[in-house]
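All chains are named by letter (A, B, ...) in the order of the sequence lines, taking the proteins before the strands, and each is independently numbered beginning at 1. As the structure is a prediction and not an experimental result, all values here were calculated from the model.
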There are 2 protein chains.
Amino acid sequence: MATIIDVAREAGVSKSTVSRVLNRTGPVKAETKAAIDAAMKKLEYSPSYFAQGIRTGRTHTIAMLVPEYSNIFYSEMFQGAEDVALKNGYMVLVCNTERSSTSELEYTRALIRRRVDGIIYNTYENNPKMVEFLKDISRNIPVVFMNRVFSDPKDFSYVCTDGFNSTRKAVQYLYQRGKRKIGYIRNVKQIDVVNERYEGYLMGLKECGLPYNEKWIHQEECRNHTSDYIKLGCMAGSYFAGLDDRPDAVLASVDLIALGCVKQLKECQVQVPRDINVVGFDNLFLDEIYEPALTTIGQPIRELGRHAAQIIISKINGNPVNSQVLFDGKLILRGTTD
Amino acid sequence: MATIIDVAREAGVSKSTVSRVLNRTGPVKAETKAAIDAAMKKLEYSPSYFAQGIRTGRTHTIAMLVPEYSNIFYSEMFQGAEDVALKNGYMVLVCNTERSSTSELEYTRALIRRRVDGIIYNTYENNPKMVEFLKDISRNIPVVFMNRVFSDPKDFSYVCTDGFNSTRKAVQYLYQRGKRKIGYIRNVKQIDVVNERYEGYLMGLKECGLPYNEKWIHQEECRNHTSDYIKLGCMAGSYFAGLDDRPDAVLASVDLIALGCVKQLKECQVQVPRDINVVGFDNLFLDEIYEPALTTIGQPIRELGRHAAQIIISKINGNPVNSQVLFDGKLILRGTTD
DNA sequence: TTTCATTTTGAGAACGTTCCCAACCTCTGC
DNA sequence: GCAGAGGTTGGGAACGTTCTCAAAATGAAA
């Protein structure tokens, strides 16, 4: 593999001059530049990533930690981020943190060792120790969080969908459509962003003057995996199907849960939407191909990814302020509501 | 960030000795090692990826080119590859090639510049020029292909599912179950591995003494995207539903097509499996949650990824022989066949 | 022609490692 | 006590860049 010295020799100049045309730093006579360009082409020269990195400290690589690859939610988000990243000359390295409880820390260390330029966290661990650790990290390298809010926003940059208000509004919509027995299904892991949706549900009930009824709420612990979400939805479906006094509408904290629920309700001969309306949250492409297609509160998933990348690139370029972006969720009406 | 020299100073030794304990190369007295370990810990030392790379030429990074992230097929494959890679101290960089027709080449160049240790190609471009390019690449850096076969196998390493024989057998199964009018749906892009499945279908017909009937075959161009596959399936569903003389069973070259087809058949009041049996190919996790669950020819997706990673790591470690691995597809009976 | 400013170029240090080679210790056996 | 062997350590070159600084070339003005 040709080095900058080979190119310099080929063009009959010094490596400094080659470096100058490479980085457009400092003036170079037109004909010299031409000779160097020719030499680079001839030798198929491409500068060593290492050698550049060791000098500049830049890798032009952004890492993105996600809890699960095969969750289409993250792959869509990733695409948004990558789109912006590539346009700015960065590559995105995805890392799956769900392998073990400590993998978030392990990955972070590995990424720092690789000197990535920035890290996008799509993770939910929120015990005080972890938050302290993250705060520490974000003092040293550019960091953006997704789908996560913090009690002290000024310390962090994040990008998120407003789960509270969009769920609140969805409840109001169902109320307007005549539903009076509105239930909820949720995974009760300590994920702030998902809890906020639940809070929005409660607020929605309150605003509509509807009573809180424990029977219509199905909640359970759930790992952050596609199949586990679906299973949780199925269990909720069975549960609701077996009730004497069923809810007439149910919101789920996540689309996959809603899909599992619909599947199970159908299997138990409970008609959707005739007997129960179901509303999800996320707007995965899956929702559309399901039978019936799922009504959901849509997150601008790709946009979330794009924004995260934008923020992190701006941070890499030296912008010191943390920014917090909150997107509106949009109710998308499909076949599971009437 | 602490360097090896800081550690050496802290421990009162030379950088050579630190390097020795770092890489377990050469003997070091136990107490010296202890002092160095302590110093490394104290200074939170982590060796610079660049500096190591510039000396050793190794990045401990494997790249994987996929045509589409959000296709769960690839994310599952990726997980298999990453699993093996991580265990061997490698990270996997995914790259989406579907952005433009030339992105495969562009990415390859970018990856070479990054000095990745190896590339896993999940791509289908098979014009002679591209094949020549790939052959050239694979002479210079370790390369493995997935879901792709070559006419001259000795030049390449690849990992693939045997689409020909598994489809053949699926046809035989349908025949045994009494089906006599077996159709096929396919995307007709020049993808060898998908064409092989079709060839297997034809061979299956022949072996069962069934006639080839053009009417029962729906084929169309299709981009390599989840939603396009589904759309193609839907169109096929409409087509078959509208036929006077319908097939009694249909195989699809890809699960997503099969799913779209089932969806559309149901919408046209054609019952699955009562009126038409449907068989897919891949075994995505989606198949199971669909209503009815999809019968399919299962690829060992994760295993494919694992094997690809294994092969490439062995190549990185100096193994010069190309290996070709062909997995059997397994017919998985679910709700769309009776 | 000389002087001075400006443009263009090159020499060489630095980045943080690895690795070769030589030097230094510490034994053992005589 | 000494030679020699073997274990242990350090010095310094090398990897391929970037970047500072100074030198050389050019050109304009006096």
Side-chain angles (χ1 to χ4, degrees), chain A residues 1-40 43-61 89 109-117, chain B residues 1-40 43-61 89 109-110 112-117 141 316-317:
Chain A
M1 199 139 299
T3 76
I4 201 172
I5 298 195
D6 298 326
V7 174
R9 190 160 32 219
E10 176 75 25
V13 296
S14 76
K15 62 182 158 54
S16 314
T17 308
V18 178
S19 174
R20 261 189 293 267
V21 342
L22 214 51
N23 304 290
R24 292 180 187 66
T25 149
V28 172
K29 216 201 288 184
E31 54 195 285
T32 314
K33 177 174 175 346
I36 290 172
D37 283 338
M40 293 207 283
L43 300 176
E44 294 185 333
Y45 170 71
S46 84
S48 155
Y49 179 70
F50 298 123
Q52 285 187 321
I54 209 177
R55 285 290 307 176
T56 63
R58 291 288 185 85
T59 52
H60 292 278
T61 304
R109 274 191 261 273
L111 293 169
I112 287 177
R113 178 155 130 61
R114 271 168 190 260
R115 308 290 192 268
V116 295
D117 293 338
Chain B
M1 199 137 302
T3 75
I4 201 171
I5 296 193
D6 299 326
V7 174
R9 192 161 32 219
E10 175 74 24
V13 296
S14 77
K15 61 182 160 52
S16 314
T17 307
V18 177
S19 174
R20 260 188 295 268
V21 342
L22 214 51
N23 303 291
R24 292 180 188 66
T25 151
V28 172
K29 217 202 287 185
E31 54 196 287
T32 314
K33 178 174 176 340
I36 291 172
D37 283 337
M40 291 206 284
L43 300 176
E44 294 185 334
Y45 169 71
S46 84
S48 155
Y49 179 70
F50 298 123
Q52 286 187 322
I54 209 178
R55 283 291 307 176
T56 63
R58 293 286 186 85
T59 52
H60 292 277
T61 304
R109 273 191 261 274
I112 287 177
R113 180 155 129 61
R114 271 167 190 260
R115 307 288 192 270
V116 294
D117 293 337
I141 102 169
I316 292 170
N317 291 332

| said: Tell me the closest heavy-atom pair linking A:Ala11 and A:Ala39, and the distance in Å. | reply: CB-CB, 4.0 Å

| query | Which pair of non-hydrogen atoms, one from B:Ile4 and one from B:Tyr45, has the smallest distance, and what is that distance? | reply | N-CE1, 3.5 Å

| task | Indicate, with a heavy-atom threshold strictly under 4.0 Å, whether A:Pro47 touches base, sugar-phosphate, or nothing. | result |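 Contact class for A:Pro47: sugar-phosphate only.
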
| query | Hey, does B:Ser48 reach any base, or is it just sugar-phosphate, or nothing, if we go heavy atoms under 4.0 Å? | reply | sugar-phosphate

Between [atom2] on [N] and [atom1] on [X], what's the gap in Å once rounded to a whole number?
{"X": "A:Ile4", "N": "C:dG10", "atom1": "CD1", "atom2": "P", "result": "12 Å"}
{"X": "B:Tyr49", "N": "C:dT18", "atom1": "OH", "atom2": "P", "result": "14 Å"}
{"X": "B:Gln52", "N": "D:dA14", "atom1": "CD", "atom2": "C1'", "result": "16 Å"}
{"X": "B:Lys15", "N": "C:dC15", "atom1": "NZ", "atom2": "P", "result": "12 Å"}
{"X": "B:Met40", "N": "C:dT17", "atom1": "CE", "atom2": "P", "result": "11 Å"}
{"X": "B:Arg24", "N": "C:dT18", "atom1": "CZ", "atom2": "C1'", "result": "16 Å"}
{"X": "B:Arg55", "N": "D:dG12", "atom1": "CZ", "atom2": "C1'", "result": "11 Å"}
{"X": "B:Arg115", "N": "D:dT17", "atom1": "CZ", "atom2": "C1'", "result": "11 Å"}

| Whichever of A:Gly26 and B:Lys29 has its nearest DNA chain C nucleotide further upstream toward 5' | A:Gly26

| field | Nearest-nucleotide 5' precedence on DNA chain C, B:Thr25 against B:Phe50 | value | B:Phe50

| Minimum side-chain heavy-atom gap B:Met1-A:Arg115 below 4.5 Å |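 Side chain of B:Met1 against side chain of A:Arg115, heavy atoms only: contact under 4.5 Å found.
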
| field | Side-chain touch B:Arg114/A:Thr61, heavy atoms, less than 4.5 angstrom | value |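 Yes, their side chains come closer than 4.5 Å.
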
| Residue whose nearest DNA chain D nucleotide is more 5′ - B:Ala51 or A:Arg20 | B:Ala51

| Which nucleotide, C:dT18, C:dG16, D:dC19, lies nearest any side-chain atom of B:Asn23? |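 Side chain of B:Asn23 sits closest to C:dT18.
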
| query | What nucleotide among D:dC15, D:dT9, D:dG12 has an atom nearest to a side-chain atom of B:Ile54? | reply |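 The answer is D:dC15, which lies nearest to the side chain.
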
| query | Taking atom types as they are modelled, is there a donor-acceptor pair under 3.5 Å from the base of D:dG10 to the side chain of B:Thr17? | reply | no

| task | Please answer whether the main-chain N or O of A:Arg58 pairs with a side-chain N or O of A:Asp117 as donor and acceptor at a distance below 3.5 Å. | result | no

